[in-house]
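One structure is given here, and the rest of the page talks about it.
First the proteins, then the strands, lettered A, B, ... as listed; each starts at 1. Being a predicted model, the structure only gives us computed values, none of them experimental.
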Protein chains: 4
Amino acid sequence: MPRRYDPERRQRIIDAAIRVAEEQGIGALTHRVVARAADVPLGSTTYHFASLDDLLVAALRQVCGEAGTTVEGWTEYLDRDEPLADRIADLLRAYMDDERHGRVRMEYELYLAALRRPALSPVAAAWLDSTLDVLGRYTDPGTARTLSALIDGMLLQLLLTGRPFDRAAVRAELARVTGEQPAERPRTSDG
Amino acid sequence: MPRRYDPERRQRIIDAAIRVAEEQGIGALTHRVVARAADVPLGSTTYHFASLDDLLVAALRQVCGEAGTTVEGWTEYLDRDEPLADRIADLLRAYMDDERHGRVRMEYELYLAALRRPALSPVAAAWLDSTLDVLGRYTDPGTARTLSALIDGMLLQLLLTGRPFDRAAVRAELARVTGEQPAERPRTSDG
Amino acid sequence: MPRRYDPERRQRIIDAAIRVAEEQGIGALTHRVVARAADVPLGSTTYHFASLDDLLVAALRQVCGEAGTTVEGWTEYLDRDEPLADRIADLLRAYMDDERHGRVRMEYELYLAALRRPALSPVAAAWLDSTLDVLGRYTDPGTARTLSALIDGMLLQLLLTGRPFDRAAVRAELARVTGEQPAERPRTSDG
Amino acid sequence: MPRRYDPERRQRIIDAAIRVAEEQGIGALTHRVVARAADVPLGSTTYHFASLDDLLVAALRQVCGEAGTTVEGWTEYLDRDEPLADRIADLLRAYMDDERHGRVRMEYELYLAALRRPALSPVAAAWLDSTLDVLGRYTDPGTARTLSALIDGMLLQLLLTGRPFDRAAVRAELARVTGEQPAERPRTSDG
DNA sequence: GATGAATGAGAATTCATTCAT
DNA sequence: TATGAATGAATTCTCATTCAT
């Protein structure tokens with residue numbers, strides 16, 4: 001059953017890895033499982049990715065890249081004419097959409113995996129920086145940094161507790177950092 | 001005088017499991033590794049803990065329990081007479097001490113693991129709640145929740161990037177939530 | 001097909017390893033091959049011998065032990081009332097018997113394997129020492145050491161070239177070290 | 001001006017193979033490892049050497065050839081005006097120099113490999129013969145043969161035990177074969 | 001009760017070789 | 001001619017769990 005010469009083999013393996021991570025968790029990412037999901041022989045995965053870490057890095061990089069593309073989607077929310085807390089809250093609500101829940105969980109799994117896999121650290125750090133960049137376009141660097149940490153914490157806790165996304169609550173927490181009033185009359189006296 | 005039932009054995013296994021999880025990660029928790037670390041026969045670990053998950057849960061529950069004990073240590077910092085942001089910043093600095101680094105990392109690994117293992121969800125949730133409880137003694141619930149998320153995000157980002165703990169930066173981020181001025185009277189060389 | 005509780009399992013694995021090494025060479029010693037030869041499941045070999053090195057050490061140790069038992073056989077030759085060179089030559093002829101050729105080759109393979117496997121070094125060194133011991137019972141230490149090296153060199157070269165064992169030639173070489181005359185009239189004017 | 005046929009490529013692969021064999025052992029000789037060491041694409045090694053054995057033979061043949069060149073180095077020692085045992089002892093001391101240790105070990109690995117791989121037998125035999133040839137220029141054939149075996153045995157035992165080279169001891173053993181006095185005028189405390 | 005042995009599945013890798021280009 | 005890709009077999013080793021004693 002010869003299936004030689006498949007130029008997109010490598011890409012298909014990465015896609016399969018992301019799919020597996022999303023459906024079964026990062027712990028299920030093994031050469032075998034990925035090979036089966038990508039419908040390629042086992043040796044093919046190890047040929048293209050000498051080690052599992054290599055595959056993980058490629059997957060995380062792609063996830064970040066896709067999310068990076070989504071930055072366009074982000075600006076769709078962030079460019080609006082509202083208090084920043086509202087804009088981010090809307091963005092996060094869209095991000096944490098029920099449909100996307102599995103996806104986000106997987107993204108945090110890959111992200112947290114860097115805790116133990118040094119190979120992933122640079123990618124995770126790069127992702128963090130790009131997040132900071134985007135936020136930095138809409139506020140000062142200090143606020144951006146705080147918002148970034150707060151968002152990471154909030155999403156992680158949401159994922160952990162399984163509580164539904166509460167836009168008002170999230171908005172309120174963000175507003176504490178942006179200094180914006182809870183809702184209607186944005187007085188922005190904080191600077 | 002051979003004891004029929006040896007409760008210490010069980011405890012020793014748990015302690016070894018925690019040690020292993022701290023040093024090598026939750027992923028390294030296997031019957032064999034724990035048995036070796038506890039210096040007990042392999043069969044002993046499977047005897048006392050029917051499955052690996054049982055052992056993991058027992059270990060993490062104990063970690064949270066100890067952390068509860070540590071809450072005493074927390075209050076040592078939090079009961080002081082300073083702006084809350086300063087008190088928390090000092091607490092976190094102590095918490096992220098090099099020596100305790102492995103412990104903190106393990107706690108975030110617990111988060112990671114809980115994302116996929118239902119058995120761990122309650123443990124992670126309890127841990128989160130206990131954090132909220134403690135903070136709630138020193139501020140209103142809303143601020144406590146925001147601080148909790150912010151702290152989780154900051155620590156996670158610190159662990160991921162490997163950047164050193166910067167007390168001034170952390171203090172500044174916390175102050176944004178507590179609403180306290182960056183550093184009122186004490187003209188510390190904060191930068 | 002349960003075959004639980006087989007108290008001689010470990011020994012059978014060692015025996016199988018030796019058999020495999022003799023028939024197919026040390027390079028063919030793999031967990032799989034040995035398991036098949038011993039008629040045990042693959043996991044059984046790795047249970048009893050955590051690493052291949054462990055198995056090799058056990059095999060080499062046993063080979064030396066058996067040969068050590070053969071020391072009795074050695075004395076059968078060495079205790080005779082002849083010039084030492086003759087006694088050793090006869091011993092080596094018996095040792096290199098056609099039937100034993102594969103066995104000896106395997107012994108040298110295991111012996112030489114220590115060149116690259118530090119784990120085998122102590123066993124190889126012990127074997128060498130025991131050889132020295134035996135020879136030392138029949139001559140002075142210096143001669144014993146030289147004889148030991150000469151014998152190792154001769155046997156190795158014989159195995160390599162595949163030349164038949166030539167008792168007269170071997171005896172002559174040994175006599176150069178023992179200082180004994182080539183054959184009948186020992187004049188020993190050589191010093 | 002791309003050369004259709006690049007003989008240097010082939011040579012570079014052989015050199016890399018020798019380097020690998022010296023440093024990591026003959027067992028580490030694989031297409032991949034050699035290709036990496038030679039900094040050529042994997043396909044290049046299989047293109048120039050149809051099978052691994054071909055590469056191994058080419059490499060070892062070159063080693064022996066170089067050793068032939070080294071014979072010039074040998075004569076540097078052997079042509080001196082001293083007892084033969086001294087000359088050989090000095091030669092061996094230089095030969096077993098730390099720097100050359102890996103090379104010598106590889107030569108004995110060649111012996112080991114030749115025990116099972118017919119393709120290597122001629123190479124090993126040629127190496128042995130060249131040794132005999134050189135020695136034959138300085139003594140009678142019988143002594144040369146004995147010296148050759150003794151040297152092989154001594155070096156092998158030195159490599160196996162890891163003991164340091166002891167010139168006096170080696171000289172003494174050689175002298176037993178050459179018939180030269182242990183150390184004529186210099187009253188060494190040989191025991 | 002406690003445990004050493006057992007085992008089958010699966011882990012990550014490495015590999016020699018083939019082959020389409 | 002030269003080579004990157006492909007692949008199936010095999011490598012060592014780890015593992016959770018079961019079970020006879």
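Per the geometry, CD belonging to D/Q24 stands 12 Å off P belonging to E/dT14, to the nearest Å. Between the P atom of F/dA6 and the CZ atom of A/R10 lies a distance of 11 Å, rounded to the nearest Å. Computed from coordinates, the B/I26 CD1 to F/dC15 C1' distance equals 18 Å when rounded to whole Å. With rounding to whole Å, A/L56 atom CG is found 10 Å from E/dT13 atom P. What separates NE2 of A/H48 from C1' of F/dT7 is a distance of 11 Å, to the nearest Å. One can place CZ of C/F49 at 13 Å from P of F/dC13, the figure rounded to the nearest angstrom. Put simply, CD1 on B/I13 is 15 Å from C1' on F/dA16, counting in whole angstrom units.
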Review item, side-chain donor-acceptor pairs of residues 15-30 of chain C, under 3.5 Å, at least two apart:
unit_1	atom_1	unit_2	atom_2	d
C/D15	OD1	C/Q11	NE2	3.0
C/D15	OD1	C/Q62	NE2	2.9
C/T30	OG1	C/V33	N	3.1

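Side-chain contact between B/L110 and B/V63: absent, with no pair of heavy atoms (C-beta onward) separated by less than 4.5 Å. For the pair D/F49 and D/R10, the minimum side-chain heavy-atom distance is below 4.5 Å. Counting heavy atoms from C-beta on, the side chains of C/S121 and D/L160 never come closer than 4.5 Å.
Taking the side chain of C/L52 as heavy atoms from C-beta on, and the options E/dT3, F/dC13, E/dT13, the nearest nucleotide is F/dC13. Listed nucleotides E/dG1, F/dA10, E/dA6 differ in distance to B/Y47; the shortest reach to its side chain belongs to E/dG1. Comparing E/dT18, E/dA12, F/dC15 by their nearest atom to the side chain of D/T46 picks out E/dT18. Here the nucleotide nearest the side chain of B/T30, chosen from F/dA16, F/dT3, F/dT11, is F/dA16.
Note on B/L55: nothing from the nucleic acid sits closer than 4.0 angstrom, heavy atoms only.
Looking at which nucleotide of DNA chain E each of C/E8 and A/L29 is closest to, the 5′-most match is held by C/E8. The residue among D/P41 and C/D53 whose nearest nucleotide of DNA chain F lies closer to the 5′ end is D/P41. Where A/H31 and D/A28 each meet DNA chain E at their nearest nucleotide, the meeting point lying more 5' is that of A/H31. Both B/L42 and D/S44 sit near DNA chain F, but only D/S44 has its closest nucleotide nearer the 5' end.
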**Prompt:** Dot-bracket for DNA chain E, 5' to 3', with Watson-Crick and G-U pairs under 3.5 Å, [ ] for crossing pairs and | for other-strand pairs: what is it?
**Reply:** .||||||||||||||||||||

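Remark: C/R9 is in phosphate contact with E/dT7, judged by side-chain N or O atoms under 4.0 Å from OP1 or OP2.
In the interface, the side chain of B/R32 is paired with the base of F/dA16 through a donor and an acceptor atom under 3.5 Å apart.
Between C/L128 and D/T161, the closest heavy-atom pair is CD1-CG2, 4.1 Å. Annotation for B/V40 and B/I13: closest pair CG2-CG1, 4.1 Å, computed over non-hydrogen atoms.
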**Asked** Hey, mind stepping through D/Y111 and D/W127 against side chain to side chain contact (heavy atoms under 4.5 Å, CB included) and telling me if it holds?
**Response** CA-CA 10 Å; D/Y111 278 5; D/W127 168 251; 3.4 Å; yes

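With a 6.0 Å radius and a threshold of 12 heavy atoms from other residues, nucleotides or ligands, A/R61 has its CZ atom at or below the threshold.
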